[in-house]
Number of protein chains: 2
Amino acid sequence: MNKIIVVLLAFGLSCQHVFTQVDTSGFNLMPWPQNIQHSNRDFTITDDFTISIIGDDAQGRVEKAAIRFLRHLSNKTGVFLKQGFPVKIEGKTSAVVELTFDGLSDLSINADESYSLNVTPDKIEIHSKTDVGALRALATLLQLVAHNPSNYFIPGVVVNDAPRFVWRGLMIDSARHFQPVDVLKRNLDAMALVKMNVFHWHLTDDQGFRAEIKSYPLLHQKGSDGLYYTQEQIKDVVAYASDLGIRVVPEFDVPGHATSWLVAYPDLGSKDGATYTIERNSGIFDPTLDPTNPKTYEIIEAVFTEMAALFPDTYFHIGGDENKGKHWNENKKIERFKADHGFKTNHELQNYFNVKVLDILKKHGKIMMGWEEILQDDLPKDVVIHSWQGEASLTDAITKGYKTVLSRGYYIDLVRSVEEHYAVDPFPAAPNSVSKEQLKNLLGGETTMWSELVTPLTIDSRIWPRAAAIAERFWSPQAVNDLDGMKRRLKVISFQLEDFGIMHIRNKEVILRNLINDQDISSLIDLSNICEPLKGNKRNTKINGQSKYKTYSPFTLFADACVPDAQDAEVFNKAVSGFVKQSNTADFEVVMAFLNKWSTNYAEFSKINNNPKLKDLEGLSKNLSQLSQLLVQVFETKSMDVSIFSELQTHHKSLYVPFADTEVVVVNALEELIEKAKVDYLIKGSRW
Amino acid sequence: MNKIIVVLLAFGLSCQHVFTQVDTSGFNLMPWPQNIQHSNRDFTITDDFTISIIGDDAQGRVEKAAIRFLRHLSNKTGVFLKQGFPVKIEGKTSAVVELTFDGLSDLSINADESYSLNVTPDKIEIHSKTDVGALRALATLLQLVAHNPSNYFIPGVVVNDAPRFVWRGLMIDSARHFQPVDVLKRNLDAMALVKMNVFHWHLTDDQGFRAEIKSYPLLHQKGSDGLYYTQEQIKDVVAYASDLGIRVVPEFDVPGHATSWLVAYPDLGSKDGATYTIERNSGIFDPTLDPTNPKTYEIIEAVFTEMAALFPDTYFHIGGDENKGKHWNENKKIERFKADHGFKTNHELQNYFNVKVLDILKKHGKIMMGWEEILQDDLPKDVVIHSWQGEASLTDAITKGYKTVLSRGYYIDLVRSVEEHYAVDPFPAAPNSVSKEQLKNLLGGETTMWSELVTPLTIDSRIWPRAAAIAERFWSPQAVNDLDGMKRRLKVISFQLEDFGIMHIRNKEVILRNLINDQDISSLIDLSNICEPLKGNKRNTKINGQSKYKTYSPFTLFADACVPDAQDAEVFNKAVSGFVKQSNTADFEVVMAFLNKWSTNYAEFSKINNNPKLKDLEGLSKNLSQLSQLLVQVFETKSMDVSIFSELQTHHKSLYVPFADTEVVVVNALEELIEKAKVDYLIKGSRW
């Protein structure tokens, strides 16, 4: 469902039941395993490193995973391995890594992903019940790789691990901005690194119909601007995911969010005589499939039949969200239909629609999944309710006996901090009315990447690295909840994600270079490291009733280079806190280093300030520089007269305004510094 | 053909006939157009910018190009265009850009790509004979976009342009290291930006068979490690290229370079009873198809039949290079066959083979192309000879009346400087025996990207930006040959290429970060900016008869982060030259700035020097720092005693050694500085 109306309440679902906290120091693992013990008997990586596979690898998953592992290992360590491929153990010969698994995963929600891993100086033993468990073990093994000045090694450990939840998903919206196959594949690779196992693929919405439909080709031909996945490409993505032990759940959002269906088939719409064009704005729109028109079900059946054949997964997501029913209310035929069937509300009419769709899915052996709006009492109990708005729907669904997946709290497109998402536990502070048995209906969670404001250039930095912390929330024990430990590990994982092809780090400078071709971007880098894109729905304001950003607007702006959890802001804010609260000298030095750096920002910025795209940043650079200069002066001279204090306040106030669709996330820390300067150094007499 | 034995002779083909030089200042265009006039009456870009298309765009090429243009324009300027798609002109309304073309290109070697472009303050008019000409005009228009402090604009110009050569190619070797579809697509985009029009796709070699063959699936199944293009993907790439006005010429290299064919079908090999595995090394190998075995032609026919249907282009490249005939000589049956047919040499036997292959191609209406080794007198005159070794083959082919494409001098995988390639003109200093008429047989050139040492992570930086300068050599008049002008424009084009998705800039830091995760890479950046990968074939040395680098070796090393035309070296070397020859003060300041920066390199490097991968760089950092410190001291004190001179020489000498497969390309400039210091400041008495 669309984020536009999502209000992320105060993340009230956090882990109130937790009394313990796991120590996550020592290794850069994410998600943290259920159980890990350190032996100090490390394994040194040399060019003799080999892997052998013991088990019936009928799908080839483990072989492929082992090859990928060897490439990553070699790329990471620089070791020229003698054996670039898994080896066969014969007679007396043995391999360094012996990877044993008992059988194949069916990639269902009941599939086993557990594994054990034993690293000793001579040998690394992996055992798992399924091939997918072996993949999870290799992901852990790769994250364990460490080095000292002379060698790369794998620390001696014994790991016994299994996931907390069976459903650990990432949703990518390919509809609002099309995301080519390579974007999906690199994100699947990254998902596998952090042991996520469900790719929820949002394939249609008002802004695009992204799947090739052979029986009704006008759907993708007219509804996509030519940006759609061929059926071959869909098969390729599904197979790629399967190789990584990732299920793919497709979503075709009906009956609302369906403008793109209607471009080719306006007759399916609920507004009489209307014609439709692909939606270019963001928001919630009125075009809705007509549930009273038999042809609607014909086309849905055709689409779902073709898609059911491509997606082997049991679950099929029908969306079902945010249908406001305006066109239903305005259509006399539909009103009559409601009256004839005794439907008092549009919700009842949509229930009627859902049941018809359910029947279509059943024919193909699929289980229906939908956003929480589809919940109604007469649905079969295997339907999965996708909770996105709040506790109420989650509690409602699980107490009624429906399987549920939680996305509320995991809307990463809203560019909030990783802390906020990490604090959300899928097991809510459930009311007493919810039994332990009922809680089992909560399958897990999904983090959602809606794509109103992202393109292939920026989507990675909106997903990663935050999704890795959410993946930990879905995999690791509830007691793994140490914020500092998570942040420390996340920094390392962030670089691993880069090695896996994720573009979140490298594309920042690409965007800044694009802003001012062929000049020194250092002043922009410094600004971008203390600014974050406007959060929630604040960036995409409405102008004359339309969203500021269309699908074809530029997403190569300063705000697109900025990311949540801005890196300098994190360090600066922490140092200010330490300095203000405990007068810590080391913190003071960090604070002064930043202030000194920012003092010269405007001088640097001015050298490149010959470009209309920088206009909105001038105030930021100038005020930040001047404020920093004054603060340095105050803390160095240990004295501040009232005119300086007033000047500081003026500059500071100006930094509260958004600059180029970003907010300056050091403003509160700067305020604390000014406040401290006032208390410590303001010359009283000078007030007069 | 394989680069291993390529000796790039002294680029003797340079432009001896040129007496004029075109002034290429004023615009950042590459390739430089045939004719451009500046009116100073600029067009200002606002949100009202629109494009309309006048012409029968039956292939949709111009529509798609116009949409891409609008996205690039918006991304570049930050302007929120009101119209994200081309508009229709009706009645009195008109569009800003009116793009008129007369007909459709057939994408043949006779197709017209000329265009004219007229920019005035109110209107931009484009006219071309074909839709592809319109694409070339839009590429020029995009490169013209400029800005002042308040606006983006397009300079008032009149351009009349057409290519010098009809064949302007880039060859990518997908065999030795597989290059996924997204790598090819972004390179096709980049080719279109610089008006290249032939993608030569090297699809098979000893190290991989990369095309799905439905009639003989074991070819790709056993010969590719699973890394091959499906026929759907091939169609997709060909269609993508066609949209960009780029022809695709496939190459299936036979009868040599064919190990990967033999993995599945060892009986086709020339060595009795042999079995084969995919080759993991680089080099020239003995496995060769057996030209005496009828089954060889059956399989070739099957492969070529399937491929001919996927590649609409008339030309089909059969390789034909570097067959040493060892296995032929060792096979009695083949020796007998030669005797029976009266073939005295293996060349005659290969001619026999070529004629059989030619017949297969003819059946499908294809014209044969091959590396120069295929040249023989009885081939039909429409065969294209691909000259890669030198002038002799080129002259030979064109005087015999064969069409010819030149690649000698354009082997960009050898990581030589852009200057060297730019100086090679396809029209050689032809002997008097070559007539003007015969010179017409020279269709153009191709730059070749062999992939022994590149992966998808690094291939872009090995192709770009140098290929853009070569593209200019193929498109622009011969008199466009000002080196400084080319280099100045190339810097800007390099950023445009980045905006087109090319990864050559961004992936440098990715590799350096990979070397030392999560630490400060600034000292490594500075080193990488004065080091270039070992050139020619020097990097991939032989160890125990095998190439150092296998296909599965790491390509995430320091040398992979380094690029030809190292950016700091360019600036430093030029400044040293100006300082030494003319005692230029500005140059002296640049020199001192670099020396001061390098002086601290080792101190910075030491902070991160806790990693086995940095071992090979320590000597570089240390000697560079110490040498720089001493030189700074000498030039500041204007005095040098003999012990310092001797120390300088020691450090300098140590920089001649390769470090981590790179060479330090400031050594000559440093030597000049030391020499100057000796002449100016060496204290004579101190010699004793």
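Reminder, nothing fancy here: chain letters follow the sequence lines and each chain counts from 1. Bear in mind the structure is a predicted one, so any value in this text is a computation, not a measurement.
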Residue [X] versus chain B: region with a heavy atom under 4.5 Å:
| X | value |
| --- | --- |
| A:Lys548 | both |
| A:Ser150 | backbone |
| A:Asp236 | side chain |
| A:Asn151 | backbone |
| A:Asn75 | both |
| A:Leu457 | side chain |
| A:Val79 | backbone |
| A:Lys82 | backbone |

Using non-hydrogen atoms only, which part of [X] is less than 4.5 Å away from chain A: side chain, backbone, both, or neither?
| X | answer |
| --- | --- |
| B:Asn611 | both |
| B:Gln231 | neither |
| B:Leu73 | neither |

Contact winner vs chain B - A:Asp182, A:Asn148, A:Val510, A:Asp560, heavy-atom pairs under 4.5 Å: A:Val510

Measure the [atom1]-[atom2] distance between [X] and [Y] for me, rounded to the nearest 0.5 Å.
| X | Y | atom1 | atom2 | result |
| --- | --- | --- | --- | --- |
| A:Ile278 | B:Phe85 | CD1 | CZ | 7.0 Å |
| B:Lys613 | A:Thr77 | NZ | OG1 | 7.0 Å |
| A:Asn517 | B:Lys76 | CG | NZ | 3.5 Å |
| B:Glu509 | A:Ile505 | CD | CD1 | 10.5 Å |
| A:Phe555 | B:Arg71 | CZ | CZ | 10.5 Å |
| A:Glu232 | B:Glu232 | CD | CD | 4.5 Å |

Determine whether a donor-acceptor pair (N or O, by modelled atom type, separation under 3.5 Å) exists between the side chain of A:His147 and the backbone of B:Asn610. yes

pair A:Leu557-B:Phe80: side-chain heavy atoms closer than 4.5 Å: yes

Any side-chain heavy-atom pair of A:Ser74 and B:Tyr552 under 4.5 Å: no

Do NZ/NE/NH1/NH2 and the carboxylate oxygens of A:Glu498 and B:Arg513 come within less than 4.0 Å? yes

One option among B:Thr230, B:Val181, B:Asn507 has the most heavy-atom pairs under 4.5 Å with chain A, and it is B:Asn507

